[in-house]
2 protein chains.
Amino acid sequence: MSAAAHPASASVARVSTPPEGHTRTRNPRGQGDRLRDEIVAAAAAVLDEAGTAEAVTLRAVARRAGISAPSIYRHFPDPPAILLAVAQEAFEMLRHRLAEAAESERGGPTARLQAVCGGYLRFAEEHPSRYRVMFGGVWRADPDRGDSLTEASVLALGAEALEVLAAGLAECVADGTSLSTDVRADATALWLGLHGLAHQRAVAARFPWPEDIETRMVRLLASLDPAR
Amino acid sequence: MSAAAHPASASVARVSTPPEGHTRTRNPRGQGDRLRDEIVAAAAAVLDEAGTAEAVTLRAVARRAGISAPSIYRHFPDPPAILLAVAQEAFEMLRHRLAEAAESERGGPTARLQAVCGGYLRFAEEHPSRYRVMFGGVWRADPDRGDSLTEASVLALGAEALEVLAAGLAECVADGTSLSTDVRADATALWLGLHGLAHQRAVAARFPWPEDIETRMVRLLASLDPAR
DNA sequence: GGAGTGGGTTTACAAGCGTTAAGTTACACC
DNA sequence: GGTGTAACTTAACGCTTGTAAACCCACTCC
């Protein structure tokens, strides 16, 4: 089922060739960890280009990073661990994105909440494959794996995003623009709505969405006063 | 990345052994198409048990169906086509489920809408893997494939579900229990919200959802009068 | 009752995968 | 200036996968 195993449909270009010529020079003594970052970056690149997590194989990542496949074992116990690291990094990007959106918008609580939600959706739009891996991946709780990042910690990372939403919603309530009576629950509902939109967009780009679907969902789920 | 290619983590039981003993007898002359249904059923079974679409390989399906791998070619051009058929069948199940929910609930428009939404969510809960395939699968528009079911037709199938929601919402508006002023757009928003909830549940079962998250989302997105 | 064909099976191939074991090379340190 | 070891590479194994080619076999039809 992997692309590689479909010789007949192999018309698709191989996605993970090394960056052309540029032969790697081994990292100096103390800084072997630098390769770890390169591996994660290579995996993200493979994921983005192929569009599916199945393409992120050990060997594909190695090709992309310009190293040999076994070299990866020094940094990751197995292929899923690489994808986990990619997801972790993406969560950090998202967190940063949301914080930035919240900070830079100064037009009042409602505008701020809309900005945060817009940041969330724009992130998903710009990195659809990564978004799918973050929230669509099934992180099986494999007890016997050395890696630290499990389903639980992925959920924890997602919960951080939820905090930002809850804070924004709370502001709106304090301001009187939101009629929500249960900020926690409504923030969850809001996040789930955003997720539904973001995910479905990341999967089927061309769907006849209403033009104002973003603001509409935020307005409804955040119980924003339509009059304002 | 496929489970099979992970000999080290091959402690997981093989999922697609034939149903034990029961040797197949070839189908009679005119009814070769019967095997097609058996293949789809086998693929669905493999998908349900493995929990991931990657596991639905040509050979795994064949093992499960108790036939040889090449036999599948008589009925499907390639493995993705099998998954497509599974999705198609699942959409039909969903459609039936929603219609049933709408029919059997006689407690007024609001209750009916909630029942339809509940039916949607329960379907996703009962068939999480299939749900992920239906809405999470990336149906690349491969022009040179004989199969008829493409991304477009999957979207069309999904649109049917949307119709049922829109009808339910329209009833609520007519009844005065919904304050929606744009049924079409709000129905889309409602569906996206349901999808977000359904999908995230299908991925991370144990997340600290608010208890009333279902009704809450429906109430908010359908602009239902909270007083009632 | 022989031919033809629908409904499969057997066998085989090439490719890609994860993983192990055994090198190799360059640098830090004594 | 030798030694040890971090940071890799090469080579190879065993496995699963999709797919093509050839084959078999029961049944229908003339």
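Bear in mind that the values here come from a model prediction, so they are computed numbers and not experimental data. Note on naming: letters A, B, ... go to the chains in the order of the sequence lines (proteins, then strands), and numbering restarts at 1 for each one.
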Between [atom2] of [N] and [atom1] of [X], the distance in whole Å:
{"X": "B/Asp37", "N": "C/dG7", "atom1": "CG", "atom2": "C1'", "answer": "16 Å"}
{"X": "A/Phe76", "N": "C/dT19", "atom1": "CZ", "atom2": "C1'", "answer": "17 Å"}
{"X": "A/Asp78", "N": "C/dG18", "atom1": "CG", "atom2": "P", "answer": "10 Å"}
{"X": "A/Asp33", "N": "D/dA7", "atom1": "CG", "atom2": "C1'", "answer": "11 Å"}
{"X": "A/Ile72", "N": "D/dC8", "atom1": "CD1", "atom2": "P", "answer": "12 Å"}
{"X": "A/Glu54", "N": "D/dT17", "atom1": "CD", "atom2": "P", "answer": "13 Å"}
{"X": "B/Arg34", "N": "C/dG7", "atom1": "CZ", "atom2": "C1'", "answer": "12 Å"}
{"X": "B/Glu38", "N": "C/dG8", "atom1": "CD", "atom2": "C1'", "answer": "12 Å"}

Check your understanding: Is the A/His195 ring parallel, tilted or perpendicular to the A/Trp191 ring (thresholds 30°, 60°)?
Key ->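 Taking A/Trp191 first and then A/His195, their aromatic rings lie parallel (interplane angle under 30°).
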Check your understanding: Side-chain N or O of A/Tyr73 less than 4.0 angstrom from OP1 or OP2 on C/dT20?
Key ->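 For A/Tyr73, the contact criterion (side-chain N or O under 4.0 Å from OP1 or OP2 of C/dT20) is not met.
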Review point. Within the structure, does a side-chain N or O atom of B/Arg63 lie under 4.0 Å from either OP1 or OP2 of D/dT17?
Key: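 Yes, because at least one side-chain N or O of B/Arg63 sits under 4.0 Å from OP1 or OP2 of D/dT17.
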Identify each atom pair where a protein N or O and an N or O of nucleotides 9-13 of chain C are less than 3.5 Å apart, giving names and distance.
unit_1, atom_1, unit_2, atom_2, d
C/dT9, OP2, B/Ser68, N, 2.9
C/dT9, OP2, B/Ser68, OG, 2.6
C/dT9, OP2, B/Ser71, OG, 2.2

Exercise for review: Look at the side chain of B/Arg130 and the backbone N and O of B/Asp48, then say whether any donor-acceptor pair between them is shorter than 3.5 Å.
Suggested key: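 Not at all, since once roles are kept as given, no pair shorter than 3.5 Å links the two residues.
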Looking at [X] and [Y], does any basic side-chain N land under 4.0 Å from a carboxylate oxygen?
{"X": "B/Glu92", "Y": "B/Arg97", "value": "no"}
{"X": "B/Glu211", "Y": "B/Arg216", "value": "no"}
{"X": "B/Glu214", "Y": "B/Arg122", "value": "no"}

In a table with atom names and distances, give each donor-acceptor pair under 3.5 Å that connects a side chain of residues 37-45 of chain B to protein atoms at least two apart or in another chain.
unit_1, atom_1, unit_2, atom_2, d
B/Glu38, OE1, B/Arg24, NH1, 2.6
B/Glu38, OE2, B/Arg24, NH1, 3.2

